[in-house]
Amino acid sequence: MTEFLPMNRKEMEDRGWDRPDFVYVCGDAYVDHPSFGAAIITRLLESRGYRVAFLAQPDWRNEDSVREFGEPRLGFLVSAGNMDSMVNHYSVSKRRRGTDAYSPGGQMGLRPDRAVIVYSSLIRRVYPKVPIILGGIEASLRRMAHYDYWSDSLKRSVLVESQADLISYGMGERSIVEIAEALEAGLPVSSLTYIPGTVCLVHREEDLGDAVRLPSYEELKAEKRKYAESFYTQYRNTDPFSGKRLAEPYGRKLFVLQNPPAKPLTQMEMDDIYALPFAGTYAPVYEQAGGIPAIREVKFSLVSCRGCFGGCSFCALTFHQGRIIQTRSHESLLAEAKRMTQDPDFKGYIHDVGGPTANFRKPSCTKQLTHGVCTNRQCLFPKPCPNLKADHKDYLSLLRKLRKIPGVKKVFIRSGIRYDYVMADPDYTFLRELCEYHVSGQLKVAPEHVSDRVLSRMGKPEFSIYQGFADRYKKMNEKLGKKQYLVPYLISSHPGSTLKDAIALAEAVRDMGYMPEQVQDFYPTPSTISTCMYYTGLDPRTMEDVAIIRNPHQKAMQRALIQYRDPANYDLVREALETAGRRDLIGYGPHCLIRPEKPKGSGPKAVISGQKNSCQKAAVGSQKNSGQKGKVASGQKKNSRKPIRNIHKKK
């Protein structure tokens, strides 16, 4: 069995170490699985000969907690974990969550808010001169000045706030090895201003070289338009081939300098990463507390790709993983799948084969691996680029091989597909095999809205594309003799969505004949185009004014409209319809959303508009370092989370 990295001084001394080279401080519990960024970085450093200790969820109120291993020889590596700590702790309504899937037994409260700042500041007090390198999703997306939803303010770069020396942003494999080698060679951390995929501090303007100078933090705070312009400059420089160095001034003598992103990994490099000796689970010390819940989502899933050229406005992947697709070989994935079948807990079901977008298995066009992605256009939005090569042959070949592995009963695709990419493929083979082999009753897709005006702000295709896919999916299932449904994910209160748009979405839900159980109220997380819109009221791509809903009651009305069949939402829905002058949707006709009288009772048996309600409160999806979305696979034991049941046939 693979040996876990030392988690305390005794385990370190049992290895014969007097001190480690690096101490990795993490807001998550220690899970040695490649879906956890901390596991990848620590195992990679270990493979290069470095001694790495793992300090999981230290008590940030006690300075002695960071003295566990003593002062490391080369430095501290600090991460909040697989999620931004604020997203981990708070719902979109800013209410404290009750559980933390990345902590023992799901216990909440084992990490601080704004974890990378708190951990780094604590280390700096105890070890004033030791190098501190920040990494992970929280540091990556807060590397420059950013809007912070929870304080409703513009925050400085976490590099300034945390007193750290460097940020390794993005996925981090290339930059962390280069940082380690430079420190090993005796270079002072202050001299590491040149490494791709890093952000550093510079104190002299003459040392900025050819960097593009962004507006200062003071200018950004004073004028929101300046922030929108600065954000879009950063967005246009997220490509590793064409990206420029960027400098953000703080006063006259301090600059946050962002180097261009690191180059994407080759397939061989990806294979090498996933072949590292991961234990594949959480450290045994957590067993008594009930283990780490997050492992259940990924233990029997395969990460086949990184990156996403989908370009959704509300997604931070462009800033973190980038738009260039990186893939593992079939051989690498098949070897991991075969190892899964030997696990005593494996029941024959591979829960996912994917990544940020499951059906992306190659760059969108041939030039990207040598010239990068376009800075002035998207691959799929508003229409598929003429250079896009929509082709599922490689993914189909992989899935067929996985299905043939002895002991594998079913291979699911749970991380989501881009239906517009499927529609762009003239070959229907993937859709047929998707329906025949890889869906269990429901396929989750993400049209997000029905208003083309709102969809354009979201960076999503026109609603007619979803309608075309829904029709094609239905016909394919009929041809196969299967009863399988689409489960569309929807977002309420996204920038640009007015009450009129929300009512149009409710009418579309009515016409589709089902009750959505999961609706995501727009969550302004750092470093997305949509969050920039929310803060500035401007679309940074066009500098057009955008309608923004910030009032909690107005947001509640938009959300309630989508789930208008829920009796608990009756008052909000009625208020919204009356406010918008749409009393025609209150009545007994088939087009009406609600009846004139409030339904009796509020349980699941109450009826509105003649249809049964099976409403369930939505859950906010997790944000992960690996880019892999949270998922629950069919085929799990009966006592696991129940699958969604939200399809209602029209009468």
Side-chain angles (χ1 to χ4, degrees), residues 140 169-175 196-197 235-244 260-274 302-313 315-333 352-399 413 415-427 429-430 446 459-461 465 529 626-629:
S140 186
Y169 73 86
M171 297 307 288
E173 290 99 342
R174 291 194 186 282
S175 57
Y235 189 86
R236 287 165 57 89
N237 284 277
T238 52
D239 181 75
F241 294 92
S242 63
K244 305 289 193 302
K263 292 291 193 294
L265 297 179
T266 66
Q267 188 167 89
M268 183 179 292
E269 288 169 331
M270 282 274 284
D271 287 354
D272 288 345
I273 292 294
Y274 284 87
L302 296 170
V303 178
S304 73
C305 62
R306 286 183 181 174
C308 183
F309 54 77
C312 298
S313 302
C315 180
L317 274 166
T318 295
F319 267 75
H320 189 59
Q321 290 194 3
R323 291 167 56 192
I324 297 176
I325 303 299
Q326 302 153 71
T327 61
R328 295 168 61 188
S329 70
H330 290 197
E331 292 75 17
S332 171
L333 290 158
D352 187 33
V353 184
T357 300
N359 57 325
F360 288 173
R361 276 284 298 173
K362 64 177 186 177
S364 61
C365 69
T366 55
K367 77 175 185 68
Q368 289 184 2
L369 289 179
T370 54
H371 296 87
V373 297
C374 299
T375 60
N376 60 345
R377 67 188 305 173
Q378 293 286 344
C379 303
L380 283 167
F381 171 80
K383 302 285 185 183
C385 174
N387 295 321
L388 175 74
K389 304 295 183 185
D391 185 353
H392 291 85
K393 292 185 181 66
D394 180 71
Y395 193 38
L396 276 168
S397 175
L398 171 63
L399 293 170
I413 299 173
S415 54
I417 64 167
R418 281 292 297 230
Y419 59 84
D420 47 349
Y421 188 73
V422 175
M423 294 293 284
D425 187 348
D427 187 345
T429 306
F430 172 71
K460 299 287 287 187
I465 305 299
I529 289 176
S626 66
Q628 190 172 341
K629 296 177 184 177

Subject >> Contacts of Thr266 that satisfy side chain to side chain donor-acceptor pair (under 3.5 Å) - sequence neighbours left out >> reply: Glu269

Original post:
When rounded to the nearest 0.5 angstrom, what distance separates CG in Leu380 from CD1 in Ile465?
Top reply: 10.5 Å

Original post:
Is it true that a side-chain atom of Arg174 and a backbone atom of Pro264 form a donor plus acceptor pair closer than 3.5 Å?
Top reply: yes

**OP:** Measure from the side-chain N and O atoms of Asp271 to the backbone N and O of Ser329, and report whether any donor-acceptor pair falls under 3.5 Å.
**Re:** yes

Subject >> SG-CE distance between Cys305 and Met270, expressed to the nearest 0.5 angstrom >> reply: 7.5 Å

Original post:
Closest heavy-atom contact between Ala262 and Pro240?
Top reply: O-CB, 3.4 Å

**OP:** Taking Lys263 for its side chain and Pro196 for its backbone only, find out whether a donor-acceptor pair lies under 3.5 Å.
**Re:** no

**OP:** Keeping the roles fixed (side chain from Asp239, backbone from Val373), state whether a donor-acceptor pair exists under 3.5 Å.
**Re:** yes

**OP:** Search all heavy atoms of Cys379 against all heavy atoms of Ser364 and return the closest pair with its distance.
**Re:** SG-OG, 3.1 Å

Subject >> Side-chain donor/acceptor of Gln326 to backbone N/O of Leu265, under 3.5 Å >> reply: yes

Original post:
Should the ring pair Tyr235 and Phe319 be called parallel, tilted or perpendicular, given that the plane angle runs from 0 to 90° and is split at 30 and 60?
Top reply: tilted

Subject >> Distance, nearest 0.5 Å, that separates CG of Asp352 from CD1 of Ile413 >> reply: 7.5 Å

Subject >> Minimum heavy-atom distance between Ile417 and Val422, given as atom pair plus value >> reply: CD1-CG2, 4.0 Å

**OP:** Assess whether atom NZ of Lys367 is packed by more than 12 heavy atoms of other residues, nucleotides or ligands within 6.0 Å.
**Re:** yes

**OP:** Please assess Lys362 against Asp391 for the test salt bridge (Lys or Arg N to Asp or Glu O under 4.0 Å), listing each intermediate value before the final yes or no.
**Re:** CA-CA 9 Å; Lys362 64 177 186 177; Asp391 185 353; 3.8 Å; yes

Original post:
Is it the case that more than 12 heavy atoms not belonging to His330 sit under 6.0 Å from its NE2 atom?
Top reply: yes

**OP:** Keeping to residues at least two apart or across chains, list the salt bridge (charged side-chain N to carboxylate O under 4.0 Å, His left out) pairs with something in residues 415-424.
**Re:** Arg418-Asp420

Subject >> Distance (rounded to the nearest 0.5 Å) between Glu173 CD and Asp272 CG >> reply: 11.0 Å

Subject >> Spatial distance of atom CZ (Arg306) from atom CD1 (Ile324) [nearest 0.5 Å] >> reply: 13.5 Å

Subject >> Distance in Å, Lys460 NZ paired with Cys312 SG, rounded so as to fall on 0.5 Å steps >> reply: 4.0 Å

**OP:** Quick one: list whatever passes ring pair (Phe, Tyr, Trp, His ring centres under 6.0 Å) with Phe430, sequence neighbours left out.
**Re:** His392, Tyr395

**OP:** Evaluate side-chain contact (heavy atoms from CB on, under 4.5 Å) for Phe241 paired with Thr370, printing each intermediate quantity in order.
**Re:** CA-CA 8 Å; Phe241 294 92; Thr370 54; 5.5 Å; no

**OP:** Carefully, step by step, assess Thr357 and Tyr421 under the rule side-chain contact (heavy atoms from CB on, under 4.5 Å).
**Re:** CA-CA 10 Å; Thr357 300; Tyr421 188 73; over 6 Å; no

**OP:** Keeping the roles fixed (side chain from Ser415, backbone from Pro356), state whether a donor-acceptor pair exists under 3.5 Å.
**Re:** no

**OP:** Taking all non-hydrogen atoms of both residues into account, name the closest pair between Ala358 and Val353 and its distance.
**Re:** CB-O, 3.8 Å

Subject >> Heavy-atom closest pair, residues Leu317 and Cys308 >> reply: CD1-CB, 4.0 Å

Original post:
Is the backbone of Ser304 close enough, under 3.5 Å, to the side chain of Arg361 for a donor and an acceptor to pair up by distance?
Top reply: yes

**OP:** Taking the side chain as every heavy atom from C-beta outward, state whether Ser175 and Tyr169 have any pair of such atoms under 4.5 Å apart.
**Re:** no

**OP:** Write down the atom of Pro461, the atom of Tyr419, and the distance for their closest heavy-atom approach.
**Re:** CG-OH, 3.9 Å

**OP:** Apply side-chain contact (heavy atoms from CB on, under 4.5 Å) to Gln368 and Arg323, showing your working.
**Re:** CA-CA 9 Å; Gln368 289 184 2; Arg323 291 167 56 192; 5.7 Å; no

